[in-house]
Amino acid sequence: MLRLDNSFYNRHVVDVAKNLLGKTLVFGKVKGIITETEAYRGADDEASHAFSWTPRSSIMFGPPGYSYIYFIYGMYHCLNIVTEEKNSPSAVLIRGLKLPDIHLNGPGKICKYLGITREHNGINLVTDNNFYLTEGIINSATYTSTARIGIKKAIDKQWRFLINF
DNA sequence: CGCGCGATTGTA
DNA sequence: ACAATCGCGCGT
C-alpha cells in the first residue's frame, strides 16, 4: 500500500485531519483504519499544547510527518501526527482506530493497545520502517465534524472529525 | 522549587 | 459524577 509522504502532512492541519480518515496506520505488525481525528493548531488555537512553546510541545514546531506522543492524566498516552511546515505548530490527534477484531475509540485506548509510549515520540513516519501511515481501502471518506473532546478552551472550533460508514 | 491540573477512561 | 495517577508547566 502506498505510504503517505511529506506532501500529505505538509498542509493545513484541518485538511490533514479530515484526509486521515480511512487511512491505514501501521505500527509493527498491527494495521488499523483511522476512524476519528482532531486538529490542534498552535497559531490560533488556545486548546493546543503548542499555543505557546514548551519542551513537551516542541515537536509540534518542527517539520511535518513526525509522531507527537504525550503522557496525560498520569496513565495514558495520546498519539498525534505533526503537520504543516516547520514553525507552523500543529498536529492531528488520532482518536479512533478500526482493527480487524476491535474498534478502539479513544486516544488512550489506542496507545495502550498498540503499546505506544513516549519512547515513540519524534519518529519520522515518512521514513520509519516500523511506524507509518499508508493509503487506505477508503480513499474519499465523508465525515461528520463536532467540537473537540475533553478541552475547555476554543470549544467553538469544530475540529473533531468522524468517518461516515 | 512546589503544586494544581490535564487533548482520558472505567466504574458508581 | 468521580477516582486513579503523575509529569508538565505556570507561578513564586
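Order of the sequence lines fixes the chain letters, A, B, ..., with proteins taken first and strands second; residue numbering starts at 1 for each chain.
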- Task: First locate atom CG of A:L125, then atom CG of A:L4, and finally report the distance between them rounded to the nearest 0.5 Å.
- Result: 9.5 Å
- Secondary structure of DNA chain B in dot-bracket form (Watson-Crick or G-U wobble, distances below 3.5 Å, | marking inter-strand pairs): ||||||.||||.
- Message: Tell me whether A:T37 contacts the main-chain N or O of A:L93 through its side chain, where contact means a donor paired with an acceptor under 3.5 Å.
- Response: no
- Message: Does A:N164 form a side chain to side chain donor-acceptor pair (under 3.5 Å) with A:T144? I'd like the steps, not just the answer.
- Response: CA-CA 7 Å; A:N164 291 333; A:T144 303; 2.8 Å; yes
- Check A:T134 against A:K23 and note the closest heavy-atom contact, atom names and distance. O-CB, 3.6 Å
- side-chain hydrogen bond (donor to acceptor under 3.5 Å, both in side chains) against A:Y70, all qualifying residues, sequence neighbours excluded: none
- Query: Out of curiosity, A:N80 CG to A:H49 NE2, how far, rounded to the nearest 0.5 Å?
  - Reply: 8.0 Å
- Query: Are any side-chain N or O atoms of A:D15 and backbone N or O atoms of A:K18, one a donor and one an acceptor, separated by less than 3.5 Å?
  - Reply: no
For residues 58-66 of chain A, which side-chain donor-acceptor pairs fall under 3.5 Å, sequence neighbours excluded?
unit_1, atom_1, unit_2, atom_2, d
A:S58, OG, A:P55, O, 2.8
A:Y66, OH, A:N124, ND2, 3.4

- Note on the structure: Quick note, salt bridge (Lys or Arg N to Asp or Glu O under 4.0 Å) partners involving residues 146-158 of chain A, not counting sequence neighbours, are A:D45-A:R148
- Item | nucleotides 2-12 of chain B: protein proximity per nucleotide (B base, S sugar-phosphate only, - neither; heavy atom, under 4.0 Å) | ----BBBSS--
- Task: With a 4.0 angstrom cut-off to heavy atoms of chain A, pull out the first and last contacting nucleotide of DNA chain C, in 5'-to-3' order.
- Result: C:dA4 to C:dC10
- Query: A:F161 vs A:Y143 aromatic rings, parallel, tilted or perpendicular, using cut-offs 30° and 60°?
  - Reply: perpendicular
- Message: Between B:dC5 and C:dC2, how far apart are the two P atoms, rounded to whole Å?
- Response: 15 Å
- Which part of the nucleic acid does A:R118 contact within heavy-atom distance under 4.0 Å: base, sugar-phosphate only, or nothing? sugar-phosphate
